[in-house]
Amino acid sequence: QTPMLTLPDYYFCPGSFVDIKPDFSGWSVVKYEWFNPAGELVSTDHQLLGVRIEGTYKIKVTVTNGCSATTSFFVKTYDAPLITDLVANGNSFTVIATGSEKIIYSIDGVTYQDDNIFYNLPFGRTTFYVKYKDTECVGDMKEGLLLNLTNAFSPNDDGINDTWIIDNLY
């Protein structure tokens with residue numbers, strides 16, 4: 001008897017991958033053939049690991065009686081928000097981001113907040129992260145730079161403010 005085979009769509013976070021591990025227990029499979037979107041045979045294992053490319057994949061399984069079944073399934077990247085601008089104002093930054101769902105914001109990639117403004121930031125570089133509220137996928141990330149500029153410059157060789165140095169510029 002020919003086995004009936006269907007697989008769901010699989011998703012992965014941007015910059016990541018997905019492992020495809022269907023449950024074939026009770027199937028008596030003797031041969032697995034996985035094909036990538038270009039139609040190339042990419043694996044003969046019972047699972048397809050480390051998939052990083054979107055597209056339509058196929059799997060063909062053959063059981064002990066010689067019958068086989070083939071099915072197609074999609075591998076897709078989750079939608080993720082994008083940072084379109086970082087606006088500095090004194091020692092704060094406003095993160096401007098676009099996306100199709102509720103976006104939350106972070107400066108450490110761990111603790112997120114609903115507000116897109118970060119106050120009292122230290123001088124130097126800060127990395128900003130965005131993601132959708134109900135996902136683990138981190139979307140875009142961008143660096144912002146707050147410069148500590150001296151408000152006096154007097155190159156008169158008295159040893160005070162003779163050179164203009166911009167801290168944290170590297």
Side-chain angles (χ1 to χ4, degrees), residues 5-25 32-61 70-151 164-170:
L5 178 62
T6 59
L7 292 181
D9 293 344
Y10 291 85
Y11 293 86
F12 61 96
C13 294
S16 187
F17 63 90
V18 63
D19 290 333
I20 301 168
K21 301 178 179 181
D23 182 8
F24 292 112
S25 60
Y32 302 90
E33 296 173 281
W34 296 90
F35 299 91
N36 68 12
E40 302 162 331
L41 179 67
V42 292
S43 178
T44 57
D45 194 10
H46 67 287
Q47 30 189 358
L48 187 60
L49 305 178
V51 176
R52 299 176 183 276
I53 298 172
E54 290 184 300
T56 303
Y57 287 75
K58 289 183 182 178
I59 182 173
K60 179 180 178 183
V61 296
T70 302
T71 192
S72 298
F73 59 95
F74 294 103
V75 174
K76 302 174 184 177
T77 305
Y78 281 115
D79 174 39
L82 295 173
I83 297 173
T84 57
D85 201 7
L86 295 173
V87 180
N89 182 9
N91 65 342
S92 69
F93 261 103
T94 301
V95 180
I96 310 298
T98 61
S100 60
E101 299 176 34
K102 169 71 175 149
I103 300 171
I104 54 178
Y105 307 84
S106 176
I107 58 173
D108 62 7
V110 177
T111 305
Y112 283 82
Q113 64 185 39
D114 290 332
D115 191 8
N116 68 332
I117 302 173
F118 293 89
Y119 298 96
N120 300 316
L121 293 171
F123 291 112
R125 295 180 190 277
T126 301
T127 302
F128 298 91
Y129 303 84
V130 292
K131 72 176 191 171
Y132 291 130
K133 189 169 184 96
D134 295 320
T135 183
E136 291 304 311
C137 291
V138 174
D140 205 8
M141 54 194 243
K142 286 202 180 345
E143 262 191 3
L145 177 63
L146 286 178
L147 298 177
N148 185 8
L149 299 176
T150 307
N151 64 358
W164 190 34
I165 298 172
I166 302 174
D167 291 339
N168 298 305
L169 190 59
Y170 50 93

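This chain uses plain numbering: 1 for the first residue, then up along the sequence. Below, all heavy atoms of this structure are taken into account, side chains as well, without hydrogens, waters or symmetry copies.
In this view, Glu54 and Thr77 satisfy the side-chain hydrogen bond (donor to acceptor under 3.5 Å, both in side chains) rule, not counting sequence neighbours.
Heavy-atom contacts from other residues, nucleotides or ligands closer than 6.0 Å to CG of Asp45 number more than 12. Remark: Ile53 CD1 is loosely packed, at most 12 non-hydrogen atoms of other residues, nucleotides or ligands lying under 6.0 Å away.
Across Lys60 and Phe35, no two heavy atoms sit closer than the pair CB-CE1, 4.4 Å. Nearest heavy-atom pair across Pro22 and Leu7 is CB-CD2, 3.6 Å. The two atoms that bring Phe24 and His46 nearest to each other are CE1-O, 3.7 Å, heavy atoms only. The two residues Asp114 and Ile104 have their closest heavy-atom pair at OD1-CG2, 3.3 Å.
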What side-chain donor-acceptor pairs closer than 3.5 Å can you find for residues 135-144, not counting sequence neighbours?
residue, atom, partner, partner atom, Å
Thr135, OG1, Cys137, N, 3.2
Asp140, OD2, Ile83, N, 2.9
Asp140, OD2, Lys142, NZ, 3.4
Glu143, OE1, Arg125, NH1, 3.4

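Using a 4.5 Å heavy-atom threshold, the side chains of Tyr57 and Asn36 count as touching. In this structure, the side chains of Tyr32 and Ser43 stay at 4.5 Å or more apart for every pair of heavy atoms.
Going from atom OG1 of Thr98 over to atom CG of Leu82 covers 5.0 Å, rounded to the nearest 0.5 Å. Atom OH of Tyr112 sits about 11.5 Å away from atom CD1 of Ile107, to the nearest 0.5 Å.
Each of Leu49, Ile59, Leu48 was checked for a side-chain contact (heavy atoms from CB on, under 4.5 Å) with Ile20, and the lone residue meeting it is Leu48. Checking each of Leu121, Asn120, Asn116, Asp115 against Phe118 for a side-chain contact (heavy atoms from CB on, under 4.5 Å) leaves exactly one that passes, namely Leu121.
Under the 3.5 Å distance criterion, the side-chain polar atoms of Asp9 are left unmatched by any main-chain donor or acceptor of Val75. Looking only at distances, a side-chain donor or acceptor of Ser106 sits under 3.5 Å from a matching main-chain atom of Thr111.
Under the ring-ring contact (aromatic ring centres under 6.0 Å, His included) criterion, the residue pairs touching residues 78-111 are Tyr11-Tyr78, Phe93-Phe128, with sequence neighbours excluded.
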